A.B. asks: 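What follows is a single structure, and I will ask about it in a moment.
Atoms within a ligand are numbered from 1 in the order they appear, just like the ligands themselves. Since this is a predicted model, take the numbers as computed values, not measurements.
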Amino acid sequence: MKEYDLIVIGSGCGILIVNEALSEGLKVALVDKGPFGGTCLNLGCIPSKMLIYTADRIAEIQEARKLGVDSEIRSIDFGSIMERMRKSRRESRTQLKEEVKQLETLDFYEGEGHFVEDYTMEVNGERIRGKKVFIASGSRPLIPPIKGLDSIDYLINETVLELREQPDSMIIIGGGYIAVEYAHFFAAMGAEVTIVEMLDRIAQSEEPEISALLEREMRKRVLIHTNTQAEEISKRKNSCVVIAKDKSTGKESEFSAQRVLVAVGRRSNADLLRVEDTGVEVDERGFIKVNEYLETSKENIFAVGDANGQQMFLHVANVEAAVAWRNSVSKKKVRMDYSAAPHAVYSHPQIASVGLTEDNARKDYHISVGRAKYSDTAKGEAMMEEEGFAKAIVDHHSGRILGFHIIGPHAPMLIQEVTNAMATGGSLQGIYSGMHIHPALPELVQKTFENLEEA
Ligand SMILES: Cc1cc2nc3c(=O)[nH]c(=O)nc-3n(C[C@H](O)[C@H](O)[C@H](O)COP(=O)(O)OP(=O)(O)OC[C@H]3O[C@@H](n4cnc5c(N)ncnc54)[C@H](O)[C@@H]3O)c2cc1C
């Protein structure tokens, strides 16, 4: 059996740990079953955002009429839009894999591994043991137990990227961020898209008023059925038929479309790894339990990224990898702090959010809330952005920023200055000390804080 200083499972954020360990001269094994580079590069953030960039441009052209520009899209080349994404991801993956293969001091085990005993894994019939183990094994789509689902060739975030031909119509089961992003993409491509969501709103983890505006805006292009649970799916001629029930009235409805995309959430890969065989505990959802130092229940085993199910975004995974690495080598441990962890939803309109929602903040703080619309700024007015807005949540006593939420154009970029201010203590000084260009959209952030009122 080969012995290592450390084993890293997963080539997503796990690669950061591999690089750190190799630079310390440690003997490292990387285990990954592929696709190399993990979810973000191959199946998640990057390919989806490449597609959505095109969808955004289409939406912009379609909406130019309000600015007095009458334009027409003559054709959309779905095949080349998909192929641009696949080519870019192929090239990035090949380059990353080559770089890793050239690391002479790294042993790369390409295959699915699982634990067989404490600190010991089996991969491709070989046994390896690590003094320390970093589990960065990610997540995979959660497939709901809907009767008949297996009888159709349903899509998930992995297979949707392989489409060669544009579906004329699509039912998306789920209303979280992956669902609304793909709804935006396929609607822009010209497909008739129907969202079937069992909860009472889409983008459920956002502020309720942000979900409400998103739903209102998306309804201009997408059919949305909330509070509606998909119960049975079947194939009828060339269509997939979804029978769903309204959760309030019990009334049944039938939806049909050429394809069905399942996007109801993510599940842990800890089961594939059989983490219990090395004494690592999982929570009730199957994600690996970690403490604030990202240590698992077993000494010298850490879990980072989607594997621990905390906040499943790549930028969070990368920070977790850095924190876990540091905690594994230093006596002075650092806590993983999620209080200024931002995220974005690339729907149309876009959403970005950092920190607490109003309801969550209220549980522990006496708060002030500020709101401003894009149209309250000169640039927003120039853009004729009538609906988009931002909302700030601040601790009324200390003035510390607790949360910030935006819906509208460039929201993921606008949130950054608030994230930076929150990451450096959350003082409003962080926002006001720098001049804001006039006229430019960051004035929305300033305006939102100017409107703070005890709430
Ligand atoms: C459609 C979609 C869009 C997304 N968009 C965004 C976005 O815009 N921004 C953002 O920040 N995040 C986004 N995410 C989330 C983001 O992709 C993940 O949070 C991130 O990739 C997780 O990284 P990770 O390193 O934890 O795991 P991964 O990148 O998933 O890496 C885990 C690796 O471990 C391997 N593995 C698992 N089990 C085993 C085993 N038993 N043996 C061997 N290898 C194994 C897997 O094959 C995989 O390569 C998106 C996700 C999806 C699905």
Side-chain angles (χ1 to χ4, degrees), residues 7-18 29-53 85 89 93 96-97 100 108-116 121-124 128 133-142 155-161 172 174 176-185 261-275 277-278 287-288 290 294 302-322 324 341-347 350-352 412:
I7 298 176
V8 177
I9 306 154
S11 65
C13 69
I15 285 290
L16 302 180
I17 298 164
V18 168
L30 170 65
V31 181
D32 194 277
K33 66 180 173 58
F36 197 80
T39 303
C40 183
L41 173 66
N42 295 287
L43 309 164
C45 339
I46 297 176
S48 64
K49 269 78 237 183
M50 281 195 101
L51 299 179
I52 288 167
Y53 183 79
M85 169 274 295
R89 137 185 114 144
R93 181 173 53 220
L96 186 67
K97 203 167 178 180
V100 164
F108 174 37
Y109 293 85
E110 192 168 9
E112 185 168 320
H114 61 90
F115 287 97
V116 285
M121 290 188 77
E122 194 172 291
V123 203
N124 304 332
I128 57 174
V133 180
F134 287 82
I135 304 176
S137 53
S139 63
R140 63 186 191 273
L142 181 74
L155 299 165
I156 52 174
N157 70 291
E158 314 186 355
T159 47
V160 75
L161 301 173
I172 301 183
Y177 84 92
I178 295 175
V180 297
E181 288 186 349
Y182 275 117
H184 165 40
F185 172 67
L261 170 67
V262 175
V264 300
R266 309 284 297 169
R267 63 169 291 186
S268 162
N269 283 332
D271 56 336
L272 307 177
L273 269 178
R274 302 187 206 161
V275 293
D277 288 346
T278 186
F287 287 94
I288 296 172
V290 287
L294 303 169
F302 297 79
V304 295
D306 285 12
N308 65 31
Q310 300 290 307
Q311 294 207 12
M312 300 207 276
F313 293 100
L314 185 78
H315 46 273
V316 179
N318 287 344
V319 173
E320 288 180 338
H343 69 263
V345 182
Y346 286 85
S347 43
Q350 296 181 339
I351 295 170

A.B. asks: Angle class for the Tyr182/Phe185 ring planes (parallel below 30°, perpendicular above 60°, tilted otherwise)?
C.D. replies: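 The rings of Tyr182 and Phe185 stand perpendicular, inter-plane angle above 60°.
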A.B. asks: May I ask you to identify, for Lys49, whether its side chain, its backbone, both or neither come under 4.0 Å of ligand 1 on a heavy-atom basis?
C.D. replies: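 Near ligand 1, Lys49 shows its side chain, while the N, CA, C and O stay back.
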A.B. asks: Which pair of non-hydrogen atoms, one from Leu43 and one from Leu161, has the smallest distance, and what is that distance?
C.D. replies: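 Closest approach of Leu43 to Leu161, heavy atoms only: CA-CD1, 3.7 Å.
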A.B. asks: Should you measure from each heavy atom of Gly10, which atoms of ligand 1 turn up under 4.0 Å away?
C.D. replies: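 Near Gly10, the atoms of ligand 1 are 33 (C), 34 (O).
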A.B. asks: Measure the spacing between CG of Asn269 and CD1 of Ile135 and express it to the nearest 0.5 Å.
C.D. replies: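 The CD1 atom of Ile135 is 11.0 Å from CG of Asn269, to the nearest 0.5 Å.
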A.B. asks: Report the nearest protein non-hydrogen atom to atom 27 (O) of ligand 1: residue, atom name, distance rounded to 0.1 Å.
C.D. replies: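 For atom 27 (O) of ligand 1, the nearest protein heavy atom comes out as Gly138 CA, 3.3 Å.
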A.B. asks: Which ligand 1 atoms, with their elements, are less than 4.0 angstrom from a heavy-atom of Pro35?
C.D. replies: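 Every atom of ligand 1 under 4.0 Å from some heavy atom of Pro35: 49 (O).
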A.B. asks: Would you mind finding which of Cys45, Gly113, Ala136 brings a heavy atom closest to atom 9 (N) of ligand 1?
C.D. replies: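 Of the listed residues, Cys45 has the closest heavy atom.
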A.B. asks: Are the side chain of Asn157 and the backbone of Gly44 linked by a donor-acceptor contact shorter than 3.5 Å?
C.D. replies: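 No, the answer is negative, given that no donor and acceptor are paired below the 3.5 Å cut-off.
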A.B. asks: Do any N or O atoms from the side chain of Arg266 and from the backbone of Ser139 form a donor-acceptor pair under 3.5 angstrom?
C.D. replies: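 At least one qualifying donor-acceptor pair exists.
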A.B. asks: Which bit of Asn269 is near ligand 1, meaning a heavy atom under 4.0 Å away: side chain, backbone, both or neither?
C.D. replies: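 Only the side chain of Asn269 comes within reach of ligand 1.
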A.B. asks: Checking a contact table here: which protein heavy atom is nearest atom 2 (C) of ligand 1, and how many Å away?
C.D. replies: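 Scanning the protein heavy atoms, the shortest distance from atom 2 (C) of ligand 1 goes to Gly44 CA, 3.4 Å.
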A.B. asks: What are the two closest heavy atoms between Pro141 and Glu158, and how far apart are they?
C.D. replies: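 Where Pro141 meets Glu158 most closely, the heavy atoms are CD-OE2, 3.7 Å.
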A.B. asks: May I ask you to decide whether Arg140 forms a salt bridge with Asp271, counting only side-chain N to carboxylate O separations under 4.0 Å?
C.D. replies: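 Looking at Asp271 together with Arg140, the answer is yes, because their closest N to O distance falls below 4.0 Å.
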A.B. asks: What protein heavy atom is closest to atom 44 (N) of ligand 1, reported as residue, atom name and distance in Å?
C.D. replies: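 In this structure, atom 44 (N) of ligand 1 has Lys33 N, 3.0 Å as its nearest protein heavy atom.
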A.B. asks: What do you reckon, does Glu112 have a nitrogen or oxygen under 3.5 Å from a nitrogen or oxygen of ligand 1?
C.D. replies: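 No, there is no polar N/O contact under 3.5 Å.
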A.B. asks: Could you tell me which non-hydrogen atom of Asn124 sits nearest to which non-hydrogen atom of Gly111, and how far apart they are?
C.D. replies: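 Minimum heavy-atom separation between Asn124 and Gly111: OD1-CA, 3.6 Å.
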A.B. asks: Taking all non-hydrogen atoms of both residues, which atom of Arg93 and which atom of Pro35 are closest, and how far apart?
C.D. replies: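 Closest approach of Arg93 to Pro35: NH1-CB, 3.8 Å.
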A.B. asks: For ligand 1, indicate whether the residue Cys13 contacts it via side chain, backbone, both or neither (heavy-atom separation under 4.0 Å).
C.D. replies: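 It is both backbone and side chain that touch ligand 1.
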A.B. asks: Relative to the heavy atoms of Gly34, which atoms of ligand 1 are at a distance of less than 4.0 Å?
C.D. replies: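 Counting atoms of ligand 1 from 1, those under 4.0 Å from Gly34 are 47 (O).
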A.B. asks: Determine, considering heavy atoms only, which of Tyr109, Phe36, Tyr177 sits nearest to atom 14 (N) of ligand 1.
C.D. replies: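 Nearest heavy atom to atom 14 (N) of ligand 1 lies in Tyr177.
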A.B. asks: What is the ring orientation for Phe36 with Phe108, classed by angle as parallel under 30°, tilted 30 to 60°, or perpendicular over 60°?
C.D. replies: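 Ring orientation of Phe36 relative to Phe108: perpendicular.
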A.B. asks: Report, in ascending order of atom number, the atoms of ligand 1 lying under 4.0 Å from any heavy atom of Arg266.
C.D. replies: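 Going through ligand 1 atom by atom, the ones under 4.0 Å from Arg266 are 53 (C).
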A.B. asks: Do you know which two heavy atoms are closest between Val316 and Ala341, and how far apart they sit?
C.D. replies: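 Distance-wise, the nearest heavy atoms are CG2-CB, 4.2 Å.
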A.B. asks: Any idea which atoms of ligand 1 are less than 4.0 Å away from a heavy-atom of Leu43?
C.D. replies: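 It comes down to these atoms of ligand 1: 1 (C).
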A.B. asks: With only distance considered, is Cys40 within less than 3.5 Å of ligand 1 through an N or O on each side?
C.D. replies: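 N/O-N/O distance below 3.5 Å exists for this pair.
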A.B. asks: If you measure from atom 11 (O) of ligand 1 to every heavy atom of Val316, Val8, Leu314, Ile15, which option wins on shortest distance?
C.D. replies: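 Among Val316, Val8, Leu314, Ile15, the closest heavy atom to atom 11 (O) of ligand 1 belongs to Leu314.
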A.B. asks: Can you tell me if Met312 has a non-hydrogen atom under 4.0 Å from ligand 1?
C.D. replies: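 Heavy atoms of Met312 do come under 4.0 Å of ligand 1.
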A.B. asks: Hey, does the side chain of Asp32 reach the backbone of Ser11 with a donor-acceptor pair shorter than 3.5 angstrom?
C.D. replies: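 Yes, because the side chain of Asp32 sits within donor-acceptor range (under 3.5 Å) of the backbone of Ser11.
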A.B. asks: Is it the case that ligand 1 has an N or O less than 3.5 angstrom from some N or O of Asp32?
C.D. replies: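 It does: an N or O of Asp32 is found under 3.5 Å from an N or O of ligand 1.
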A.B. asks: Within the 4.0 Å heavy-atom shell around Ser137, which atoms of ligand 1 are there?
C.D. replies: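 It comes down to these atoms of ligand 1: 32 (C), 34 (O), 36 (N), 37 (C), 38 (N).
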A.B. asks: Within ligand 1, which atoms have a heavy atom of Asn157 less than 4.0 Å away?
C.D. replies: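 Those of ligand 1 that fall under 4.0 Å from Asn157 are 1 (C), 53 (C).
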A.B. asks: Select one of side chain, backbone, both or neither to describe which atoms of Ile178 lie under 4.0 Å from any atom of ligand 1, heavy atoms only.
C.D. replies: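 For Ile178, the contact with ligand 1 is made by the side chain alone.
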A.B. asks: Any donor-acceptor pair under 3.5 Å linking the side chain of Glu181 with the backbone of Tyr346?
C.D. replies: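 Yes.
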A.B. asks: Taking all atoms of both residues into account, what is the closest heavy-atom pair of His114 and Leu272, and its distance?
C.D. replies: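 Answer, listing the atom of His114 first, then Leu272: CB-O, 3.5 Å.
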A.B. asks: Going by heavy atoms, is Gly111 under 4.0 Å from ligand 1?
C.D. replies: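 Within the 4.0 Å threshold, so yes.
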A.B. asks: Taking the side chain from Thr159 and the backbone from Ile156, do they hold a donor-acceptor pair closer than 3.5 Å?
C.D. replies: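 Side chain of Thr159 to backbone of Ile156, a donor-acceptor pair under 3.5 Å: yes, one is there.
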A.B. asks: Among Thr39, Ile9, Asp306, Asn308, which one puts a heavy atom closest to atom 18 (C) of ligand 1?
C.D. replies: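 The residue whose heavy atom sits nearest atom 18 (C) of ligand 1 is Asp306.
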A.B. asks: Enumerate the atoms of ligand 1 whose separation from the nearest heavy atom of His315 is less than 4.0 angstrom.
C.D. replies: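 It comes down to these atoms of ligand 1: 11 (O).
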A.B. asks: Report yes if some N/O of Gly37 lies less than 3.5 Å from some N/O of ligand 1; otherwise report no.
C.D. replies: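 The answer is no, given that Gly37 and ligand 1 share no N or O pair closer than 3.5 Å.
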